[in-house]
Amino acid sequence: MTYYLFTSVMGRIVMPTVIPGPSVAEELDRTRVVPIVTIEHLADAPPVVTALVSGGLPVIEITLRTAAGLEAIRSSHGLGAVLGAGTVTTADEARQVIDAGAQFAVSPGIATDMVSTLVAAGVPVFPGVATPSEIMIARSLGLRSVKVFPVGMLGGPAFVRTLSSVWPDMRFMPTGGVTEATMRDYLAVPSVTAVGGSWIVPAGLIAERNWSGITQLAQRAADLAQEPT
Ligand code: 3PG
């Protein structure tokens, strides 16, 4: 992430000064849990993002699974989060999320034009892999970080360990079936950067507008992530 400070001389913006901020990778290494958010009503996006940031999980994925997803990303900047787009499946969607200011993108699978569009724009992308062959495709596109999805169905932490024994330089983000009870088993695998999951942002709590409930779930996950594995 990069912050731009615009200096002004006699009311005119003259020169952007680039202040490097922590990268998405650095933030992921620090927080280690990515809440996966699906927004039905646009107005819910800012309070959900604020609740997660307050709970200590500022790296947030907002999915494109609903009509409100894209605008939810666009309208949630400036709240202290590192905002990513989830369920990005095509090059068109990649362009849309870049335009909406997504700071990273996640996909359930891998499509080369989608990945290339994001790479060309300098937006970190985590395509989903479920097989060794898909890791080989990701590597051929220059990627060394991928999501493993749906990891719970694929064999859990043991599956990720097996993949890392073949590709020790790959970093993995297991997602799909990860829970509060299992997240630490994944984080104990040395090549796992972070886990992703929707358990931190249940649809029921959003419907009730229970923002403090979401903060509590985020806080619990953030605390668990910091305990030694
Ligand atoms: C995803 O988008 O990666 C998954 O739907 C998240 O899976 P979960 O709902 O099991 O956490």
Side-chain angles (χ1 to χ4, degrees), residues 24 28 31-40 44-45 48-49 51-52 55 57-70 72-73 76 81-90 93-94 96-97 100 102-111 114-115 118 123-131 134-135 138 143 145-160 163 170-187 189 192-207 213-214 216-222 224-225:
V24 172
L28 270 180
T31 63
R32 306 204 73 200
V33 183
V34 179
I36 298 176
V37 179
T38 296
I39 293 290
E40 296 289 344
D44 293 336
V48 167
V49 167
L52 291 168
L57 295 182
V59 184
I60 299 167
E61 173 186 332
I62 298 182
T63 72
L64 298 190
R65 277 178 224 161
T66 56
L70 196 59
I73 296 166
S76 299
V82 177
L83 282 183
T87 328
V88 180
T89 60
T90 65
E93 287 173 352
Q96 288 169 9
V97 303
Q103 290 157 284
F104 66 98
V106 185
S107 178
I110 188 158
M114 176 271 292
V115 169
L118 289 153
V123 176
V125 52
F126 302 87
V129 301
T131 65
E134 289 156 358
I135 294 180
L143 302 182
S145 293
V146 290
K147 158 171 160 163
V148 182
F149 177 78
V151 72
M153 312 279 294
L154 295 169
F159 180 71
V160 186
L163 296 176
M170 291 297 292
R171 308 298 309 274
F172 299 104
M173 180 157 58
T175 305
V178 181
T179 65
E180 189 177 280
T182 61
M183 59 170 269
R184 282 167 52 76
D185 298 335
Y186 290 98
L187 294 179
V189 180
V192 168
T193 321
V195 295
S198 64
W199 86 88
I200 304 149
V201 199
L205 289 189
I206 299 180
I214 291 171
Q216 277 170 27
L217 285 173
Q219 181 76 63
R220 282 224 298 264
L224 280 171

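Here the structure is a predicted model, which is why all the values come from computation and not from measurement. Side chains are part of it too, since the values below use all heavy atoms of this structure and drop only hydrogens, waters and symmetry mates. In this chain, residues are counted from 1 in sequence order. We count ligands from 1, going down the list as the structure has it; atoms in each ligand are counted the same way.
A heavy-atom distance below 4.5 Å is not found between the side chains of E93 and T87. Side-chain contact between T182 and W199: absent, with no pair of heavy atoms (C-beta onward) separated by less than 4.5 Å. Here the side chains of L118 and V97 are in contact, with some heavy-atom distance below 4.5 Å. At least one side-chain heavy atom of L217 sits less than 4.5 Å from a side-chain heavy atom of L205.
Annotation for A221 and V33: closest pair O-CG2, 4.0 Å, computed over non-hydrogen atoms. Residues V106 and K147 share a closest heavy-atom pair of CG1-CD, 3.3 Å.
Remark: distances from the non-hydrogen atoms of T63 to ligand 1 are all 4.0 Å or more.
Under the 3.5 Å distance criterion, the side-chain polar atoms of R32 are matched with a main-chain donor or acceptor of T193. Remark: side-chain polar atoms of S107 are paired, donor with acceptor, to backbone N or O of V88 under 3.5 angstrom.
Heavy-atom proximity to G197, at under 4.0 Å, picks out these atoms of ligand 1: 11 (O). Remark: ligand 1 atoms within the under-4.0 Å shell around heavy atoms of F149 are 1 (C), 3 (O), 4 (C). Atoms of ligand 1 found under 4.0 Å from any heavy atom of S198, numbered from 1 in the order shown, are 8 (P), 9 (O), 11 (O). Taking every non-hydrogen atom of R65 and a distance limit under 4.0 Å, the qualifying atoms of ligand 1 come out as 1 (C), 2 (O), 4 (C), 5 (O). Short contacts between ligand 1 and G176, defined as distances under 4.0 Å to a heavy atom of the residue, involve ligand atoms 7 (O), 10 (O). Set against the non-hydrogen atoms of T175, the atoms of ligand 1 under 4.0 Å away are 1 (C), 3 (O), 6 (C).
Inclusion of W199 in the set of residues having an N or O under 3.5 Å from an N or O of ligand 1 is not warranted.
Neither the backbone nor the side chain of M173 has a heavy atom within less than 4.0 Å of ligand 1.
Atom 3 (O) of ligand 1 has as its closest protein heavy atom K147 NZ, 2.6 Å.
Distances from atom 10 (O) of ligand 1 to the heavy atoms of G128, G177, P108 show the closest one on G177.
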